[in-house]
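Step one of this worksheet: look at the structure below.
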2 protein chains.
Amino acid sequence: MIMRHGGWCWKKHGFKECGLRKTQAREALIKLLSQTEGHLTAEEIFWKLKEVLPGIGLATVYRTLELLTQLGIIKKLDFQEGKARFEFIKQEERDHHHLICKVCGKIINYTPSEEYQVLKDLTEKIEKDFDFKVETLEIQAYGVCKDCKRS
Amino acid sequence: MIMRHGGWCWKKHGFKECGLRKTQAREALIKLLSQTEGHLTAEEIFWKLKEVLPGIGLATVYRTLELLTQLGIIKKLDFQEGKARFEFIKQEERDHHHLICKVCGKIINYTPSEEYQVLKDLTEKIEKDFDFKVETLEIQAYGVCKDCKRS
DNA sequence: GTCTTTGCAAAACGTTTGCATGTTC
DNA sequence: GAACATGCAAACGTTTTGCAAAGAC
């Protein structure tokens, strides 16, 4: 098992202090995802990393993605495609959501402005009605995008 | 391919008129899901149907689930478990959402009242800001449920 | 030197498909 | 009897795992 010390460690301390090692694969994967706008699948990440680290294996990509997800550095996404996608968590768009076009499959990021009251209201209502502590609210809007509406 | 006539047919006409046949498997599956509160996986459905139709195969379950999803009779759900879940679409809770407990995995249905303005506002804002036609809005709240908060 | 991480190949998992057989209309 | 639906087994694509070798500290 990879996470010997639990997710809390990396968040409070550093990579080293948690018994985790800085390796080429991990650094390259973080670099790649932090510089990527879109949402990549594990295999797309694998092939992109191959350009930098030709010897890398797919298993390492999966293990690293799992690790970084646990650490809260990246986010695993599911758009009902039968495979996962991953994205780097940027501070400024921590709680953003997705619009998915049913026609062309395009995925659009939606970052509500910090003070968008509607989502706070919704969260509060859920917490009160169900006595449920909401940690993350995920919203997907499935529909038809601008370009596909025209054609 | 199962859907020779497209989803539009069943919605406008009947089962028969669309060249679809009423079979034991389809009737049993609709009956099962319409009487089930929770969200079942394909395999759970398979084993429950086995009690009624011992000869049924898993492939038929998958094919029927796909068919009924296309027809808009049931809904396919994804809670990031690596497998799909299915639920019957009840008229009175057409656009309901889900609260998922990260601790015990329990899934709670959340049906906002018809006139809940917050969701209409959100939908309108998305449609205006992105020129995107929203067909369905899916919301998942991941967090900790009542029972798990106490223990 | 010790413990962690890796690559490889094989396995596991949920799901889909080809095809001969069975069912429905 | 013609068209559709089924069961079975095999195939599929994604993800996980066991293990020996390589790498980080």
Side-chain angles (χ1 to χ4, degrees), chain A residues 1-6 9-10 13-30 39-47 49-50 52-71 73-74 76-86, chain B residues 1-6 9-10 13-30 39-47 49-50 52-71 73-74 76-86:
Chain A
M1 181 52 191
I2 285 180
M3 287 299 300
R4 262 160 269 252
H5 304 277
C9 181
W10 163 254
H13 312 87
F15 235 101
K16 276 192 212 167
E17 290 86 337
C18 306
L20 292 172
R21 294 178 176 175
K22 268 213 171 90
T23 65
Q24 292 185 54
R26 285 169 186 180
E27 290 194 281
L29 183 24
I30 292 178
H39 317 83
L40 303 179
T41 64
E43 214 180 331
E44 285 166 354
I45 291 166
F46 171 64
W47 288 112
L49 286 184
K50 271 242 166 204
V52 187
L53 302 171
I56 199 168
L58 186 53
T60 301
V61 172
Y62 274 103
R63 279 187 280 230
T64 308
L65 288 170
E66 166 69 15
L67 175 68
L68 296 178
T69 302
Q70 297 273 7
L71 296 177
I73 294 172
I74 65 174
K76 189 176 183 178
L77 304 166
D78 196 305
F79 300 126
Q80 323 239 36
E81 303 168 294
K83 59 191 156 190
R85 291 183 177 269
F86 297 86
Chain B
M1 182 50 191
I2 284 180
M3 287 298 301
R4 259 161 272 251
H5 303 278
C9 182
W10 162 254
H13 312 87
F15 234 102
K16 276 191 211 167
E17 291 86 337
C18 306
L20 292 171
R21 292 177 178 177
K22 270 214 170 90
T23 65
Q24 292 184 55
R26 286 170 185 180
E27 290 195 279
L29 184 23
I30 291 176
H39 317 84
L40 303 179
T41 64
E43 214 181 330
E44 284 166 354
I45 291 166
F46 171 64
W47 287 112
L49 286 184
K50 272 240 167 208
V52 187
L53 301 171
I56 199 168
L58 187 52
T60 300
V61 172
Y62 274 104
R63 278 188 281 231
T64 307
L65 288 170
E66 166 69 14
L67 175 69
L68 296 179
T69 302
Q70 299 272 6
L71 296 177
I73 294 172
I74 65 174
K76 188 176 183 178
L77 304 166
D78 196 305
F79 299 125
Q80 322 241 37
E81 302 169 294
K83 60 191 155 190
R85 290 183 178 271
F86 298 85

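Everything quoted here is computed from the prediction, not taken from an experiment.
Rounding to the nearest 0.5 angstrom, the gap separating the CG atom in L49(A) from the OG1 atom in T60(A) is 10.0 Å. Here the CD atom belonging to E27(B) is positioned 11.5 Å from the OG1 atom belonging to T64(B), to the nearest 0.5 angstrom. The distance from atom OH of Y62(A) to atom CD1 of I45(A), rounded to the nearest 0.5 Å, is 9.0 Å.
Other residues, nucleotides and ligands contribute at most 12 non-hydrogen atoms within 6.0 Å of the CD atom of Q24(B). Enclosure of atom NZ in K50(B) by more than 12 non-hydrogen atoms of other residues, nucleotides or ligands within 6.0 angstrom is indicated.
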Readout for nucleotides 20-25 of chain D: B = base within 4.0 Å of protein heavy atom, S = sugar-phosphate only, - = neither; 5' to 3' it is ---BBS
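The minimum heavy-atom distance linking E44(B) with H39(B) is given by the pair OE1-O, 4.1 Å. Residues L58(A) and F46(A) approach most closely at N-CE1, 3.4 Å, considering heavy atoms. Closest heavy-atom contact between L65(B) and A42(B): CD1-CB, 3.9 Å. When all heavy atoms are compared, the tightest approach of I56(A) to A25(A) is CD1-CB, 4.0 Å.
The interatomic distance linking L40(B) (CG) with dG14(C) (P) rounds to 15 Å, in whole Å. Taking atom CG of L58(A) as the reference point, atom C1' of dT17(D) lies 13 Å away to the nearest angstrom. Distance, K83(A) NZ to dT16(C) C1': 15 Å, rounded to whole Å. Rounded to whole angstrom, the span from the CZ atom of F46(B) across to the C1' atom of dC8(D) amounts to 11 Å. When rounded to the nearest whole Å, the span between CD of Q80(A) and C1' of dG13(D) equals 17 Å. Protein atom CD of E81(B) is 15 Å distant from nucleotide atom P of dT15(D), rounded to whole Å. The CZ-P distance, from R85(A) to dT15(D), rounds to 10 Å in whole Å. Distance CZ (R26(B)) to P (dC25(C)): 10 Å, rounded to an integer number of Å.
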Collect all protein-nucleotide pairs involving nucleotides 17-19 of chain C in which both atoms are nitrogen or oxygen and the distance is under 3.5 Å.
| residue | atom | partner | partner atom | Å |
| --- | --- | --- | --- | --- |
| dG18(C) | O6 | R63(B) | NH1 | 3.4 |

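In this structure, K22(B) and R26(B) have side chains that are not in contact, with every pair of non-hydrogen atoms separated by 4.5 Å or more. Two residues are said to be in side-chain contact when any heavy atoms from C-beta on lie closer than 4.5 Å; L20(A) and L71(A) meet this criterion.
The residue I56(B) sits close only to the backbone: its heavy atoms come under 4.0 Å of sugar-phosphate atoms, none of a base.
Taking the screw axis at each terminus of the helix from dG1(C)-dC25(D) to dC25(C)-dG1(D) from five consecutive base pairs, the angle between the two is 30° to within rounding of 10 degrees.
Heavy-atom distances to DNA chain C give each of V61(A) and A42(B) a nearest nucleotide, and the one nearer the 5′ end belongs to V61(A). If F86(B) and G57(A) are placed on DNA chain C by their nearest nucleotide, the residue sitting closer to the 5' end is G57(A).
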